[in-house]
Number of protein chains: 2
Amino acid sequence: MIFNKSTEYSFKVLSYMCEAKGHKYLSAGDIALAINIPKEFLSKILQKLTHKGFVNSKRGKGGGFKILKTKNEIAIKELIKLFDNENFYSKCLIGLNDDCPECKCSVHNNWENLKTTLLKSNLEDIKENYFFTFK
Amino acid sequence: MIFNKSTEYSFKVLSYMCEAKGHKYLSAGDIALAINIPKEFLSKILQKLTHKGFVNSKRGKGGGFKILKTKNEIAIKELIKLFDNENFYSKCLIGLNDDCPECKCSVHNNWENLKTTLLKSNLEDIKENYFFTFK
DNA sequence: TTAAAATCAGAATAAAAAATCTGTTTTTAT
DNA sequence: ATAAAAACAGATTTTTTATTCTGATTTTAA
């Protein structure tokens, strides 16, 4: 809706990994199956998350990915920056105006408020009471 | 950003036509040039707007399109319904959840407020102090 | 040591969205 | 009448985004 698929998927996979018990290595294939995301696409997302230190990867048999953070250590703005658009926050919701900060249209304040919330949110805030089923 | 291009363009073209003096017939080509939208794409949008009674079309030499409403008679929700998604308002902003009304994530209230504003907005509200230049 | 299981990387493909093209019909100014 | 200008309709192409494929490398359990 407001984010691209990669960003959406990153929320989903990190939530899932945070909630998985045992903190063992989970293979991309298993995760993909569990949360219903194309395996290959998920692999790319996990690679990026590895490089940025959200997860640890282990190659070879028995390998996979292990989460390195808790939900409240994962800032939504970091994921947006990583997977969506660098200048997400200066974009116009309506899409017509390049100079959103100067705009005073009827939804401007609502949009500013939403962005403020988003800037303060971590994965816990997003996932808390958020009924997504991973399927 | 939040809408598809057709919806964005419909805001733009209707705003432009409302502000054009004289209420004469304007050709799609001239409008397209003025507001920087691909001519053929704009033509399709204008056709839809014709069928729904927002504008009147006149074929033949000297023909074109004439606006039939004022900005405050044009509800944003009508344009969203026409060009974007029928069930726009029940969609999840984050994109993961099918059942947005039940969701309680951190941006839920912000999103609900924004949609409420959008439901009440007409083109005047959107365009008012909204610095888009048609270019 | 070896085969299996996994990451990793880049290329190729598919799907969706946006834009363009081609041609027909209609209307009207000349 | 006729030519020009315009809407109109549908097909096609391009662009962007999402997904899948291919193969190489790494690691480890057996």
Ring centres of B:Phe3 and B:Phe88 under 6.0 Å apart?
yes
Is there a salt bridge (Lys or Arg N to Asp or Glu O under 4.0 Å) between B:Lys81 and B:Glu78? Walk through the geometry before answering.
CA-CA 5 Å; B:Lys81 193 176 165 191; B:Glu78 292 297 320; 5.3 Å; no
Minimal non-hydrogen separation, B:Tyr16 against B:Leu26, with atom names
CE2-CD1, 4.4 Å
Whole-Å distance, A:Phe3 CZ to D:dT17 P, equals 16 Å
Report the distance from atom CG of A:Leu49 to atom P of C:dT7, rounded to the nearest whole Å.
13 Å
A:Leu42 CG to C:dA6 P, in whole Å, measures 14 Å
Could you state the CZ-C1' distance from A:Phe41 to C:dC8, rounded to the nearest angstrom?
16 Å
Grab the two heavy atoms, one from B:Gly64 and one from B:Tyr25, that are nearest each other, plus how far apart they are.
O-CD2, 3.4 Å
Please check the phosphate of C:dA17 (OP1 and OP2 only) for any side-chain N or O of B:Tyr9 closer than 4.0 Å.
no
Please check if atom NZ in B:Lys77 has more than 12 non-hydrogen atoms from other residues, nucleotides or ligands closer than 6.0 Å.
no
With a non-hydrogen cut-off below 4.0 angstrom, is B:Phe65 in contact with a base, only sugar-phosphate, or nothing?
sugar-phosphate
Proximity to the side chain of B:Lys5 - top-ranked nucleotide from C:dT7, D:dA7, C:dA18:
C:dA18
Could you tell me whether the phosphate oxygens of C:dT7, OP1 or OP2, come under 4.0 Å of any side-chain nitrogen or oxygen in A:Gln47?
no
Taking CG from B:Asn36 and P from C:dA18, how many angstroms apart are they, rounded to a whole number?
16 Å
Can you tell me the distance, in whole Å, between the NZ atom of B:Lys39 and the C1' atom of D:dA6?
8 Å
Does a nitrogen or oxygen in the side chain of B:Ser57 sit under 4.0 Å from OP1 or OP2 of D:dC8?
yes
Do A:Lys69 and A:Phe54 meet the cation-pi criteria used here (NZ or CZ under 6.0 Å from the six-membered ring centre, within 45° of the axis)?
yes
Contact letters for nucleotides 21-30 of chain C, in which S counts primed atoms plus P, OP1 and OP2 and B counts the base, heavy atoms under 4.0 Å:
B---BBBBS-
Would you please say whether a donor-acceptor pair under 3.5 Å links the side chains of B:Thr116 and B:Asn113?
no
I want to check one thing: is the phosphate of C:dT7, taken as OP1 and OP2, less than 4.0 Å away from some side-chain N or O of A:Tyr25?
no
Can you tell me the base-pairing partner of C:dA6? Count Watson-Crick or G-U wobble geometry only, both distances below 3.5 Å, and say none if there is no partner.
D:dT25
How many Å lie between CD1 on A:Ile31 and P on C:dA6, as a whole number?
11 Å
Which of the following nucleotides, D:dT19, C:dT7, D:dA9, is nearest to the side chain of A:Ala28?
C:dT7
From CG of A:Leu46 across to P of C:dA9 the rounded distance in Å is 13 Å
